[in-house]
2 protein chains.
Amino acid sequence: MQNDIREARKTLEDFEIENGSSDEIDDETLFIVTQTFKALGDPTRVRILHLLFKKECSVNEIADTLDIRQSTVSHQLRFLKNLRLVKYRRAGTTLFYSHDDEHVMLILEQMINHACHS
Amino acid sequence: MQNDIREARKTLEDFEIENGSSDEIDDETLFIVTQTFKALGDPTRVRILHLLFKKECSVNEIADTLDIRQSTVSHQLRFLKNLRLVKYRRAGTTLFYSHDDEHVMLILEQMINHACHS
DNA sequence: ACGATATATGAACACATTATCATATACGCA
DNA sequence: TGCGTATATGATAATGTGTTCATATATCGT
């Protein structure tokens, strides 16, 4: 436990060194950061991403599994796609979605872990 | 680069193993996760947290440094305090705020790094 | 107790977000 | 070409969010 905290702090300092002690965040970076976190700030999108973390899914599969309307799923997938957090491949009339940003998925799973172990 | 991705995937799999392949996220965890990400999904709050990452600050110091009204800063600090993302110590009439969740700060700095290196 | 300064709070407004319904589009197949 | 299924889109209504102004509270020094 104590070790975890010290480990985290060490990594934070590493970032500072890497960045050359970044002062204020530039506007473009700030925009991307907040947009991405906004994407993760909604239960529906988190559930979809968490599902896609485990396996590629069609739109209807997502809707059925999570008990969300197809239209809602589609809207949220477009949102996630614009941020390049998901991608899809076509198979006939069916679209199979999967995640497209390993780093963000790692962050999501980290947060889920952090939240349920506390 | 390629190595980074493989490293991330490995860590994701580790989470799966740790969790015993968690299927759906339970409601309470989902709530905490989305609330926390929501906190990080606003430019003002991100700027405040990023500042507090570097040093403890009084409310006015934050307001002056980031050019935000005192009232706005105070409101956002309350928001962050409710989520236990920040804490404060009193020194007379001045309140010095600092961050209070190493793990979330790590995630924030990770995302900033990810965003500006892309 | 009073004035000065630091911070917090509440109400109000503008704006963003989300889910839903109805409908459109796209593809495969007979 | 026309039908059935899968997905996308647009408009709308309900709700949530962020900032601001005005004002309240709190602490210190005199």
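None of these values were measured; they are calculated from a predicted model. Values below: all heavy atoms of this structure, side chains included; hydrogens, waters and symmetry mates excluded. In what follows, every chain begins at residue 1, and chains take the letters A, B, ... in the order their sequences are listed.
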Student: Do Arg84(A) and Lys87(A) come within less than 4.5 Å of each other through their side chains, counting heavy atoms only?
Tutor: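 Side-chain contact under 4.5 Å: no.
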Student: Just the rounded figure in Å: distance from P of dT7(D) to CD1 of Ile68(A).
Tutor: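 After rounding, the reported distance stands at 14 Å.
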Student: Any donor-acceptor pair under 3.5 Å joining the side chain of Ser58(B) to the base of dT7(C)?
Tutor: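 Answer no: no donor N or O sits under 3.5 Å from an acceptor.
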Student: Closest to the Tyr97(B) side chain: dT20(D), dA8(C), dT27(D)?
Tutor: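 Ranking dT20(D), dA8(C), dT27(D) by closest atom to the Tyr97(B) side chain puts dA8(C) first.
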Student: Ignoring backbone atoms, establish whether Thr93(B) has a side-chain N or O less than 4.0 Å from OP1 or OP2 of dT7(C).
Tutor: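 No.
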Student: How long is the line joining CZ of Arg89(B) and P of dT27(D), in whole Å?
Tutor: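 After rounding, the reported distance stands at 16 Å.
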Student: Please state how far atom CZ in Phe79(A) lies from atom C1' in dA19(C), giving the value in whole angstrom units.
Tutor: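 Whole-Å distance recorded here is 14 Å.
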Student: Relative to each other, are the rings of His103(B) and His114(A) parallel, tilted or perpendicular (30° and 60° limits)?
Tutor: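 Answer is perpendicular, since the angle exceeds 60°.
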Student: By nearest nucleotide on DNA chain C, pick out whichever of Arg90(A) and Gln35(A) is the more 5' one.
Tutor: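 Its nucleotide being nearer the 5' end, the pick is Gln35(A).
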Student: Rounded to whole angstrom units, what separation is found between the NZ atom of Lys38(B) and the C1' atom of dG16(D)?
Tutor: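 In whole Å, dG16(D) C1' and Lys38(B) NZ are 8 Å from each other.
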Student: Leu95(B) has a side chain; which of dT7(C), dT18(C), dT19(D) sits nearest to it?
Tutor: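 So the nucleotide nearest the side chain must be dT7(C).
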Student: Measure the distance from CG on Leu77(A) to C1' on dA6(D) and round it to the nearest whole Å.
Tutor: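 It works out to 13 Å between those atoms.
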Student: Tell me whether the ring of His75(B) lies stacked over the dT9(C) base, given a 5.5 Å limit on centroids and a 30° limit on the plane angle.
Tutor: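 His75(B) vs dT9(C): stacking yes.
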Student: Rounded to the Å, how far apart are Lys81(A) NZ and dT9(D) P?
Tutor: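 Rounded to whole Å, this separation is 10 Å.
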Student: Phosphate oxygens OP1/OP2 of dA19(C): is one of them under 4.0 Å from a side-chain N or O of Arg69(A)?
Tutor: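 For dA19(C), OP1/OP2 do not have a side-chain N/O of Arg69(A) under 4.0 Å.
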Student: Can a salt bridge be assigned to the pair Lys54(B) and Glu24(A) using a cut-off of 4.0 Å between side-chain N and carboxylate O?
Tutor: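 Between Glu24(A) and Lys54(B) there is no salt bridge, as every charged N stays at least 4.0 Å from the carboxylate O atoms.
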Student: Please state whether the phosphate of dT9(D), meaning OP1 or OP2, lies under 4.0 angstrom from any side-chain nitrogen or oxygen of Arg78(A).
Tutor: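 Yes.
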Student: Counting heavy atoms not belonging to Asp26(A), are there more than 12 under 6.0 Å from its CG?
Tutor: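 More than 12 heavy atoms, drawn from other residues, nucleotides or ligands, come within 6.0 Å of this atom.
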Student: Both Ala91(A) and Val73(B) contact DNA chain C. Taking the nearest nucleotide for each, which residue is further toward the 5' end?
Tutor: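 Nearer the 5' end of the strand: Val73(B).
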Student: Can you find a donor-acceptor N/O pair under 3.5 angstrom joining the side chain of Thr94(B) to the base of dT5(C)?
Tutor: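 Donor-acceptor pair under 3.5 Å: no.
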Student: For Phe96(B), report the nucleic acid contact type (base, sugar-phosphate, nothing); a contact means any heavy atom under 4.0 Å.
Tutor: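 Nothing, no nucleic acid heavy atom in range.
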Student: Do any side-chain nitrogens or oxygens of Asn60(B) fall under 4.0 Å of OP1 or OP2 in dT5(C)?
Tutor: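 Result: no.
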Student: Need one value for Ser74(B): base, sugar-phosphate or nothing, where a base atom within 4.0 Å counts as base even if backbone is also close, heavy atoms only.
Tutor: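 If one applies the 4.0 Å heavy-atom cut-off, Ser74(B) turns out to touch a base.
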Student: Quick one: label Tyr88(A) by what it contacts on the DNA or RNA (base, sugar-phosphate, nothing), any heavy atom closer than 4.0 Å.
Tutor: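 Contact class for Tyr88(A): none.
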Student: Is any side-chain N or O of Arg45(B) closer than 4.0 Å to OP1 or OP2 of dT17(D)?
Tutor: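 For dT17(D), OP1/OP2 do not have a side-chain N/O of Arg45(B) under 4.0 Å.
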Student: Can you tell me how far P of dT18(C) sits from CG of Leu80(A), to the nearest Å?
Tutor: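 Leu80(A) atom CG is separated from dT18(C) atom P by 10 Å.
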Student: Verify the contact: side-chain N or O of Gln76(B) to OP1 or OP2 of dT17(D), cut-off strictly under 4.0 Å; return yes or no.
Tutor: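 Answer no for this pair, as no side-chain N or O of Gln76(B) is under 4.0 Å from OP1 or OP2.
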Student: Please classify the nucleic acid contact of Gln70(B) as base, sugar-phosphate, or nothing, using heavy-atom distances under 4.0 Å.
Tutor: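 The residue Gln70(B) makes base contact.
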Student: Say whether Glu56(A) and His99(A), considering side chains only, have a donor N or O and an acceptor N or O under 3.5 Å apart.
Tutor: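 Not at all, the side chains of Glu56(A) and His99(A) share no donor-acceptor pair under 3.5 Å.
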Student: Rounded to the nearest Å, what distance is computed from the CG atom of residue Asn82(A) to the C1' atom of nucleotide dA8(D)?
Tutor: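 Rounded to the whole Å, the gap is 13 Å.
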Student: Check whether Thr72(B) reaches the backbone of Ile68(B) with its side chain - one donor and one acceptor, N or O, closer than 3.5 Å.
Tutor: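 No; judged by distance alone, with no hydrogens or angles, the pair does not exist.
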Student: Between dA19(C), dT7(C), dC27(C), spot the one nearest the side chain of Asp42(A), thanks.
Tutor: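 For the Asp42(A) side chain, the nearest candidate turns out to be dA19(C).
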